[in-house]
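For reference, the structure is listed below as structure tokens.
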Amino acid sequence: MNDNIAGMDQYSTALERQKEYFRSGRTLPYDERKRNLLKLKTALKSHENEIIGALNADLGKSAFEAYTTEIGIVYEEINYLVKNLRRLMAKRREPSPITVFKATSYTISEPMGNTLILSPWNYPLQLTMVPLAGAIAGGNTAIVKPSRYSAATSALMKRIIGETFDPEYITAFEGGHETNTALLELKYDFVFFTGSPNVGRIVAEKCGSKLTPCTLELGGKSPVIIDGTVDMKLTSRRLAWGKLLNAGQTCVAPDYVLVKEGYQDRLIEELGKRFREMFGNDPMSSSEFPKIVNEKHFSRVNGLIAGSAVAIGGKSDSSTMKIEPTVLYPVKETDPVMQEEIFGPVLPIITYRTLDEAIDFIRMREKPLALYIFSKDKASIERVHSLVSFGGGCVNDTVIHLTNPRLPFGGVGNSGMGSYHGDESFRTFTHRKSVMKETILFDLPIRFAPFKDKIKLVRLLMK
Ligand code: NAD
């Protein structure tokens, strides 16, 4: 109880200081935002080896995976924002209607203000630092709360942020969900949350009760459709890559496959080959194959495997927390693995007879964060894209769409609301304020009473 009160005091004091800092206007100038973005990049660069070590301690990530899916992505985002900051910050002129002849209309992108960023453990660096870069570019202050599950990376990020920024501008708190709960009691101008739909609901309720705008980057079961027109070797390589990245603990990981009936055996055979090519005959002993984050998730994923027929893999090692790349087939809709987001190196395969059957299967469920279709048939791809709602995705690949900063990244419905990356990060962390500047040279008398028969003219102008 006393700890909670002490915590609350600490959080509200931090926020009050950030409010004062924001009111001082110091976050606003272009030069300041650019300098802080570059400061963040320099700080990360000088701690790069420590970051790689922390990601390895938390998730067993190889240096290659740590760089390509976390560190490098943050650098690219910062580079993009620095390069485009002037354009993004510029006042945007918009045309004005004839009814306000001689007026000028424009929008000003103002910072949201004091922001809170809550991030998960699976890409702990990327999913904290990319939103933070957006907050800086937008001219905001930020309180950052990374996940307790990725303890080493979270502690390191807190230290890096502490060494780099004045806490009145950006500060970080460590802790578990009780810290989130306490932080969410306070009134921010914007909350950016990444995590599961279940916790997203709690965050949305907290924000809703205060009318605090929020972005929710959530997850869910992202399907893959594979029809009979594909090159199975290429398909299986790209599918295995997306699934095994971070041992399947990726929000946009292919969750399950819907394959055209008759092609499942070939797919399973090719997947087996790709797993061996990538991680050898004993993937669990490969230093390049990541582990499951903790005991809770390790036993949860093993429980999902136990509920279906195993076609490839299926073994795990509790001493290393690794689970073999696993394919489940046949799988029924009612199997445990189809009831929740898998978040592990396990791929269930279900067959479909017609494309519309596959489309219906997906549409009967919550809107996914990602959808991947492998096909050479343009009409099939267009049919899926016109009928199925999803956050984003790829044609003939998996996961790679989120590396393009020009594509907004985010979910829809159960998989989230709002988006970010590149321009969209700036938009998310700002509000477009609309202004109309009127001429003072004359007044069009039409809008002022007495109206008499002015409606005739109005009808000509507004029809
Ligand atoms: P989570 O929702 O369990 O936790 C996210 C954060 O919320 C953590 O900091 C945690 O401490 C906190 N939290 C947990 N319970 C809470 C509560 N009751 N009240 C307030 N805060 C609480 O998610 P996770 O397990 O860390 O991450 C996995 C989930 O995140 C998956 O569903 C995944 O798809 C999703 N995810 C989405 C994205 C994306 O960009 N859309 C990226 C990564 C992960």
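FYI, side chains are in, hydrogens and waters are out, and symmetry mates aren't considered; it's all heavy atoms of this structure. Just follow the structure's listing: the first ligand is 1, and inside any ligand the first atom is 1.
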Taking it one step at a time, do Met321 and His297 satisfy side-chain contact (heavy atoms from CB on, under 4.5 Å)?
-> CA-CA 9 Å; Met321 304 285 275; His297 283 285; over 6 Å; no
Check step by step if salt bridge (charged side-chain N to carboxylate O under 4.0 Å, His left out) holds for Lys41 and Glu77.
-> CA-CA 10 Å; Lys41 186 173 171 191; Glu77 179 77 4; over 6 Å; no
Could you check Asn122 against Val293 for side-chain contact (heavy atoms from CB on, under 4.5 Å), going step by step and ending with a plain yes or no?
-> CA-CA 8 Å; Asn122 60 336; Val293 68; over 6 Å; no
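- In this structure the side chain of Thr179 never reaches within 4.5 angstrom of the side chain of Arg148, judged on heavy atoms.
- Ion pairing between a basic and an acidic side chain is recognised when a charged N comes within 4.0 Å of a carboxylate O; Arg23 and Glu20 show no such pairing.
- Within 4.0 Å of ligand 1, protein heavy atoms come from Ser119, Pro120, Trp121, Asn122, Leu127, Lys145, Ser147, Gly176, His177, Asn180, Thr181, Phe193, Thr194, Gly195, Ser196, Pro197, Val199, Ile202, Glu217, Leu218, Gly219, Cys251, Glu341, Phe343, Leu369, Phe409.
- The pair Lys61-Glu70 meets the salt-bridge criterion, since a charged nitrogen lies less than 4.0 angstrom from a carboxylate oxygen.
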